[in-house]
Amino acid sequence: MHSIPEGHSVTLDILVTDDMTVHFHELGQGPGHPVYSTYWLARHFEEAGRKLLLPFREEGEEGVGTFVEVQHLASALPGMRVTHVATVESVEGRRLTCTISATSELGDLIATGRTGQYVTLEAKLERNFGALRERWAAHQQQRDVSSESGGPSS
């Protein structure tokens with residue numbers, strides 16, 4: 001990873017849409033609050049952190065998210081623009097930590113938080129994903145055999 005200047009920051013501008021509002025479908029509930037949801041904020045925080053990292057990756061490197069922290073402080077309605085600012089907090093070896101803030105076009109501080117990314121070799125990451133896919137396929141096969149036999153396998 002190339003050196004990232006201390007305090008370097010990037011912005012990610014988002015137009016809040018209806019699909020970014022609160023929905024609790026998995027809980028058997030329809031639409032919740034008609035405002036920018038915390039889970040969409042988390043997604044955009046991670047995207048802002050990744051945007052900060054992208055120009056500093058070296059050939060063959062890839063970043064993977066390690067954490068997202070969001071403190072949701074205020075609301076934003078569909079149609080409002082929200083600016084997310086990601087700023088380098090620290091770089092420790094291959095670990096990048098960013099602070100993030102999100103501010104609506106009204107000037108309201110919507111959220112603050114942090115994200116983390118680990119930079120590794122793309123080939124290593126793909127090997128790890130390949131091993132995970134193999135484990136998953138074996139698990140699915142075992143589950144299918146167990147279902148066909150009518151019970152759990154030993």
>> If the condition is side-chain contact (heavy atoms from CB on, under 4.5 Å), which residues does E58 pass it with, not counting sequence neighbours?
In response: H2, E61
> Who are the side-chain contact (heavy atoms from CB on, under 4.5 Å) partners of E62, not counting sequence neighbours?
Replying inline: R50, R57, E122, L125
> Between E47 and R43, is a salt bridge (charged side-chain N to carboxylate O under 4.0 Å, His left out) present by the stated rule, with each step listed?
Replying inline: CA-CA 6 Å; E47 288 178 10; R43 175 182 172 167; 3.0 Å; yes
>> Please give me the minimum heavy-atom distance between I100 and A48, naming the atom from each residue.
In response: CD1-CB, 4.3 Å
>> Can you give me the closest heavy-atom contact between T115 and G49, atom names plus distance?
In response: OG1-CA, 4.0 Å
> In the single-linkage hydrophobic clustering (I, L, V, M, F, W, Y; side-chain heavy atoms under 4.5 Å), do Y39 and F45 co-cluster?
Replying inline: yes
> If Ile, Leu, Val, Met, Phe, Trp and Tyr residues are connected whenever their side-chain heavy atoms lie under 4.5 Å apart, and connections chain through other members, are V35 and L106 in the same group?
Replying inline: yes
> So with a 6.0 Å cut-off around CD of Q140, is the heavy-atom count from everything else above 12?
Replying inline: yes
Mind checking the [atom1]-[atom2] spacing from [X] to [Y]? Nearest 0.5 Å is all I need.
{"X": "S146", "Y": "Q141", "atom1": "OG", "atom2": "CD", "result": "12.5 Å"}
{"X": "T120", "Y": "R127", "atom1": "OG1", "atom2": "CZ", "result": "8.5 Å"}
{"X": "E69", "Y": "T99", "atom1": "CD", "atom2": "OG1", "result": "11.0 Å"}
{"X": "M20", "Y": "L77", "atom1": "CE", "atom2": "CG", "result": "13.5 Å"}
{"X": "T103", "Y": "I110", "atom1": "OG1", "atom2": "CD1", "result": "7.5 Å"}
{"X": "E46", "Y": "L41", "atom1": "CD", "atom2": "CG", "result": "13.0 Å"}

> Do any N or O atoms from the side chain of S90 and from the backbone of E92 form a donor-acceptor pair under 3.5 angstrom?
Replying inline: no
> Okay, side chain of T97, backbone of G116: is any donor-acceptor separation there less than 3.5 Å?
Replying inline: no
> Which residue pairs satisfy the salt bridge (charged side-chain N to carboxylate O under 4.0 Å, His left out) criterion with at least one member in residues 133-147, sequence neighbours excluded?
Replying inline: E126-R133
> Under the 4.5 Å side-chain heavy-atom rule for ILVMFWY, direct or indirect, which residues accompany F56?
Replying inline: M1, I4, V10, L52, L53, V88, V91, L96, V119
> Members other than L15 in its cluster, when Ile, Leu, Val, Met, Phe, Trp, Tyr link by side-chain heavy atoms under 4.5 Å?
Replying inline: none
List the atom pairs, with distances to 0.1 Å, where a side-chain N or O of residues 78-87 and a protein N or O form a donor-acceptor pair under 3.5 Å, not counting sequence neighbours.
residue: T83; atom: OG1; partner: D13; partner atom: OD1; Å: 2.6
residue: H84; atom: ND1; partner: L12; partner atom: O; Å: 3.1
residue: H84; atom: NE2; partner: Y36; partner atom: OH; Å: 3.0

>> Once you measure the plane-to-plane angle for H139 and W136, does it fall in the parallel (<30°), tilted (30-60°) or perpendicular (>60°) bin?
In response: parallel
